[in-house]
Amino acid sequence: MAVMSAVQADAALAPQAFLPEPPSRRIEGHGTPDAAWQAWGGLADLPPVSAATLVPPGGRAIIIAPHPDDEVLACGGLMQLLHAQGTRTVLLAVTDGDGSHPGSALLPPAALARLRPQETLAALRVLGLDTATPQVVRARIADGRVSAEIEQLQTLLQQLLRPGDTVFVTWRQDGHPDHEACGLAAALAARLCRATLVEMPVWSWHWAAPGDARMPWRRARRLELSPEVMQRKRQAVACFLTQLQDDPSTGKPAILPPHVLARLLHPYEIYFT
């Protein structure tokens, strides 16, 4: 199938991943405190959605993770619910996450490329998913270079997708360049393949604010998670040790410190449908 370039994308699929992120969407500092999000009634007022509505019976779910851990942080609850309802699921691991610790003597790129995919597999087991569900496909695009390889990713997606699939991907304006490039490639491929696109905010909770007009709240839906599902999701996140520990070789803090996890580990998940 022909690959649609960013120039050919229409306004609804604007290639945000090719542009420097605006200062207002930069992932810096501690970001918006989770307490501010929880104090905002807008989250509780979002329309509810079920796993069966997101992926109807007989449908297939394609989950796109820019980096190992994104699949659990964004939709670790949904993956459990899809498994329980017998939905066939494919996890596309776009990168192996080897760029998360630049300059580290403790976690150089070669070690990360080996460890982070292993962390994903361990997390899937904790979620109660066996080695065949979901099917894991690795694109092996370099961490931090998804924008540069976006046509390669779109080609892979067009080969993978079928009409009627539901594609779950990080939001096209999430703030992280790899997340945004994955969202753009998925949006283009889903349209060409007649698949349904569902986007997931991850870093948006960092730079956005309650009621932020830049967020597509009218498309937002809230998936409730039971205590059992939420507990397994928390345990799965704990498998990503490379992201949870400070790096003494560089003096840098953990990629996923407590204040970041606080915004991502609630008994619900938000989806832009």
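This is a predicted model, so every value here is computed, not measured.
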- [ ] Please step through salt bridge (Lys or Arg N to Asp or Glu O under 4.0 Å) for the pair Arg138 and Asp96, ending with a clear verdict.
- [x] CA-CA 8 Å; Arg138 297 203 171 278; Asp96 288 338; 3.5 Å; yes

Open item on the list: Checking Arg116 against Asp98 for the salt bridge (Lys or Arg N to Asp or Glu O under 4.0 Å) test, could you report, in this order, the C-alpha distance in whole Å, the side-chain angles of both residues, the deciding distance, and whether it holds?
Closed with: CA-CA 8 Å; Arg116 295 195 68 185; Asp98 61 340; over 6 Å; no

- [ ] Report yes if the side chains of Thr242 and Glu119 come closer than 4.5 Å at any heavy-atom pair, otherwise no.
- [x] yes

Task: Ion pair check, Glu269 and Arg221, cut-off under 4.0 Å - done: no

Task: For His101, all residues meeting ring-ring contact (aromatic ring centres under 6.0 Å, His included), sequence neighbours excluded - done: none

Open item on the list: Please tell me whether Trp171 and Trp205 form a close aromatic pair, meaning their ring centres lie under 6.0 Å apart.
Closed with: no

TODO: Check the angle between the aromatic planes of Trp203 and His206 and answer parallel, tilted or perpendicular using the 30° and 60° thresholds.
DONE: perpendicular

- [ ] Report the residues that fulfil ring-ring contact (aromatic ring centres under 6.0 Å, His included) with Trp207, sequence neighbours left out, ordered by chain and then residue number.
- [x] none

TODO: Would you mind listing every ring-ring contact (aromatic ring centres under 6.0 Å, His included) that reaches into residues 229-253, with sequence neighbours excluded?
DONE: none

Open item on the list: With a 4.5 Å cut-off on side-chain heavy atoms, are Val90 and Arg60 touching?
Closed with: yes

Open item on the list: Could you tell me if the side chain of Arg194 sits less than 4.5 Å from the side chain of Leu161, heavy atoms only?
Closed with: no

- [ ] Share the residues that join Leu106 in a hydrophobic cluster, the rule being Ile, Leu, Val, Met, Phe, Trp or Tyr side chains under 4.5 Å apart at the heavy-atom level.
- [x] Leu107, Leu112, Leu115

- [ ] Give a yes or no on whether a salt bridge exists between Arg145 and Asp178, defined as a side-chain N under 4.0 angstrom from a carboxylate O.
- [x] no

TODO: Can you measure from CZ (Phe168) to CG (Leu92) and round to the nearest 0.5 angstrom?
DONE: 14.5 Å

- [ ] Could you list all the ring-ring contact (aromatic ring centres under 6.0 Å, His included) pairs where at least one residue sits in residues 44-79, not counting sequence neighbours?
- [x] His67-His176, His67-His179

- [ ] Flag the pair Arg172 / Leu197 as yes when at least one side-chain heavy-atom distance between them is below 4.5 Å, and no otherwise.
- [x] yes

Report, one line per pair, each donor and acceptor closer than 3.5 Å where one atom sits in a side chain of residues 73-87; sequence neighbours left out.
| residue | atom | partner | partner atom | Å |
| --- | --- | --- | --- | --- |
| Gln80 | OE1 | Arg232 | NE | 2.6 |
| Gln80 | OE1 | Arg232 | NH2 | 3.1 |
| Gln80 | NE2 | Gly76 | O | 3.2 |
| Gln80 | NE2 | Val229 | O | 3.0 |
| Gln85 | OE1 | Ala52 | N | 3.4 |
| Gln85 | NE2 | Val55 | O | 3.1 |
| Gln85 | NE2 | Thr87 | OG1 | 2.9 |

